[in-house]
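Working notes, beginning with the structure itself.
Numbering of ligands and ligand atoms starts at 1, following listing order. For the numbers below, each heavy atom of this structure counts, side chains included, while hydrogens, waters and symmetry mates do not.
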Amino acid sequence: MKIFSVYNIKGGVGKTTTSVNLAYLSAAAGAQTLIWDLDPQGGTSYYLCVKPKIKGGPEELLQSKSRTMTQLRMTGYPNLDLLPSDISYRHLDAHLAKSSKPLMGLERMVAPLAKQYDHMFVDCPPGLSLVIENVFQMTDVLLVPMIPTPLSLRAYNRLVQFLVKRRTKKLRVIPFFNMVNQEKPIHRVVTRNIGEKHPIFLKNSIPESTMMEAMGVKRSPIFTYARESSEADSFRFLWQEIQERSR
Ligand SMILES: Nc1ncnc2c1ncn2[C@@H]1O[C@H](COP(=O)(O)OP(=O)(O)OP(=O)(O)O)[C@@H](O)[C@H]1O
Ligand SMILES: [Mg+2]
């Protein structure tokens with residue numbers, strides 16, 4: 001199982017939107033796909049219309065490996081399952097801190113799923129908590145959506161410095177721009193030269209669009225209600241590039 005985590009220290013940059021759409025594309029192409037809603041806000045569970053109730057809360061999930069399996073939900077989309085979150089996830093940090101290996105708790109939780117799924121997408125909460133350090137530990141590909149502004153780049157550089165210090169063993173970081181609006185001068189400036197300074201950024205990006213925002217009303221991936229749109233295509237191209245990069 002390859003683990004893609006969608007993360008940024010900043011909130012509201014498109015982590016959930018990206019997780020849901022990429023997981024949908026992965027599943028639609030025939031890969032057994034799991035999406036893990038790790039955010040107590042439960043945005044992914046909301047978009048996929050799954051009732052987010054975790055019996056026993058994260059404490060039980062951390063204690064017993066087999067509990068993870070019982071929390072899996074079907075989404076109604078072929079090949080796509082969900083590990084939901086609910087408000088009890090806000091205590092996950094405290095439970096991890098109490099465990100014998102505080103950095104390995106999440107990896108142990110998902111280990112039993114490795115044979116069942118080809119891809120897992122983790123929709124991360126913002127911030128830099130113990131939960132996120134666990135995510136860094138278990139992830140193969142860290143996808144970092146960001147809005148093209150100088151402050152976002154600064155936050156990204158700090159993240160990279162943090163990861164270099166941590167020497168996280170297998171993690172590959174792939175940043176890309178979301179909510180790009182070429183009518184905004186600042187977006188034009190930041191995106192124009194990014195390839196020279198940071199060739200690691202994906203060439204494809206996601207435009208700012210009301211069609212994308214409509215996911216909150218439609219409660220489904222963009223491909224179900226705007227299949228032929230250029231916004232849907234932008235996610236298709238993004239996913240293609242991510243797969244090429246992470247082979
Ligand atoms: N490309 C886009 N164009 C326009 N709106 C977008 C785009 N991507 C996301 N949004 C909107 O921006 C808001 C934040 O997106 P999303 O919830 O995916 O961000 P997030 O990083 O997961 O936020 P949080 O940190 O709160 O979990 C949502 O209302 C979403 O519909
Ligand atoms: Mg989110």
Side-chain angles (χ1 to χ4, degrees), residues 4-25 34-50 52 75 82-90 92-93 106 120-129 131-132 135 139 142-149 151-153 155-156 158-159 173-184 186-188 190-191 194 201-227 229-239 241-242:
F4 298 87
S5 297
V6 186
Y7 169 72
N8 191 317
I9 195 165
K10 284 176 172 289
V13 296
K15 297 182 292 294
T16 302
T17 307
T18 302
S19 306
V20 169
N21 284 317
L22 293 186
Y24 175 93
L25 283 175
L34 177 65
I35 182 164
W36 189 2
D37 188 353
L38 202 49
D39 190 337
Q41 295 178 93
T44 296
S45 310
Y46 174 82
Y47 280 148
L48 295 173
C49 301
V50 173
T75 62
L82 170 74
L83 199 49
S85 152
D86 69 8
I87 199 69
S88 65
Y89 262 49
R90 72 194 187 284
L92 192 49
D93 249 53
L106 294 196
M120 177 164 80
F121 290 84
V122 186
D123 179 22
C124 298
L128 192 43
S129 56
V131 169
I132 296 301
V135 167
T139 295
L142 191 75
L143 299 168
V144 187
M146 71 182 81
I147 300 169
T149 65
L151 264 186
S152 304
L153 283 180
Y156 167 73
R158 290 203 159 178
L159 168 67
V173 181
I174 303 187
F176 65 94
F177 289 124
N178 180 33
M179 298 194 219
V180 179
N181 181 347
Q182 290 294 351
E183 285 178 12
K184 293 182 180 167
I186 194 76
H187 285 205
R188 282 205 301 275
V190 173
T191 54
I194 198 72
F201 272 67
L202 292 182
K203 291 190 175 53
N204 288 284
S205 59
I206 308 298
E208 183 179 62
S209 156
T210 49
M211 189 86 84
M212 217 70 90
E213 273 177 300
M215 276 178 69
V217 182
K218 306 277 187 190
R219 294 188 69 183
S220 68
I222 190 165
F223 308 98
T224 63
Y225 63 88
R227 183 170 208 82
S229 63
S230 59
E231 290 86 345
D233 275 345
S234 69
F235 266 113
R236 290 187 184 100
F237 294 137
L238 195 83
W239 177 226
E241 195 180 356
I242 290 167

Q. Do you see a donor-acceptor pair shorter than 3.5 Å between the side chains of D39 and S85?
A. no
(Q) Could you check, using the six-membered ring where one of them is a Trp, whether W239 and F223 have ring centers closer than 6.0 angstrom? (A) no
Q) Just wondering, is there an N, O or S atom on T16 that's nearer than 2.8 Å to the Mg ion (ligand 2)? A) yes
Does ligand 1 have any N/O pairs with the protein under 3.5 Å, and how far apart?
unit_1   : atom_1 : unit_2 : atom_2 : d
ligand 1 : 1 (N)  : N178   : OD1    : 3.0
ligand 1 : 1 (N)  : P207   : O      : 2.8
ligand 1 : 3 (N)  : S209   : N      : 2.9
ligand 1 : 3 (N)  : S209   : O      : 3.4
ligand 1 : 8 (N)  : N178   : ND2    : 3.2
ligand 1 : 18 (O) : T16    : N      : 3.4
ligand 1 : 18 (O) : T17    : N      : 2.9
ligand 1 : 18 (O) : T17    : OG1    : 2.5
ligand 1 : 19 (O) : G14    : N      : 3.0
ligand 1 : 21 (O) : G12    : N      : 3.4
ligand 1 : 21 (O) : V13    : N      : 3.0
ligand 1 : 21 (O) : G14    : N      : 3.1
ligand 1 : 21 (O) : K15    : N      : 3.0
ligand 1 : 21 (O) : K15    : NZ     : 2.8
ligand 1 : 22 (O) : K15    : N      : 3.4
ligand 1 : 22 (O) : T16    : N      : 2.9
ligand 1 : 22 (O) : T16    : OG1    : 2.8
ligand 1 : 23 (O) : G12    : N      : 3.0
ligand 1 : 25 (O) : G12    : N      : 3.0
ligand 1 : 25 (O) : K15    : NZ     : 2.7
ligand 1 : 26 (O) : Q41    : NE2    : 3.3
ligand 1 : 27 (O) : D39    : OD2    : 3.4
ligand 1 : 27 (O) : Q41    : NE2    : 3.4

Q. Looking at residues at least two apart in the chain, or sitting in another chain, which of them share a side chain to side chain donor-acceptor pair (under 3.5 Å) with T18?
A. none
(Q) Going by ring pair (Phe, Tyr, Trp, His ring centres under 6.0 Å), name the residues that satisfy it together with Y7, two or more places apart in sequence or in a different chain. (A) F136
**Q.** Identified side chain to side chain contact (heavy atoms under 4.5 Å, CB included) partner of I35 from the options T16, V6, V20
**A.** V20
Q.
According to salt bridge (charged side-chain N to carboxylate O under 4.0 Å, His left out), does anything in residues 209-226 pair up with another residue at least two apart or in another chain? List the pairs.
A. none
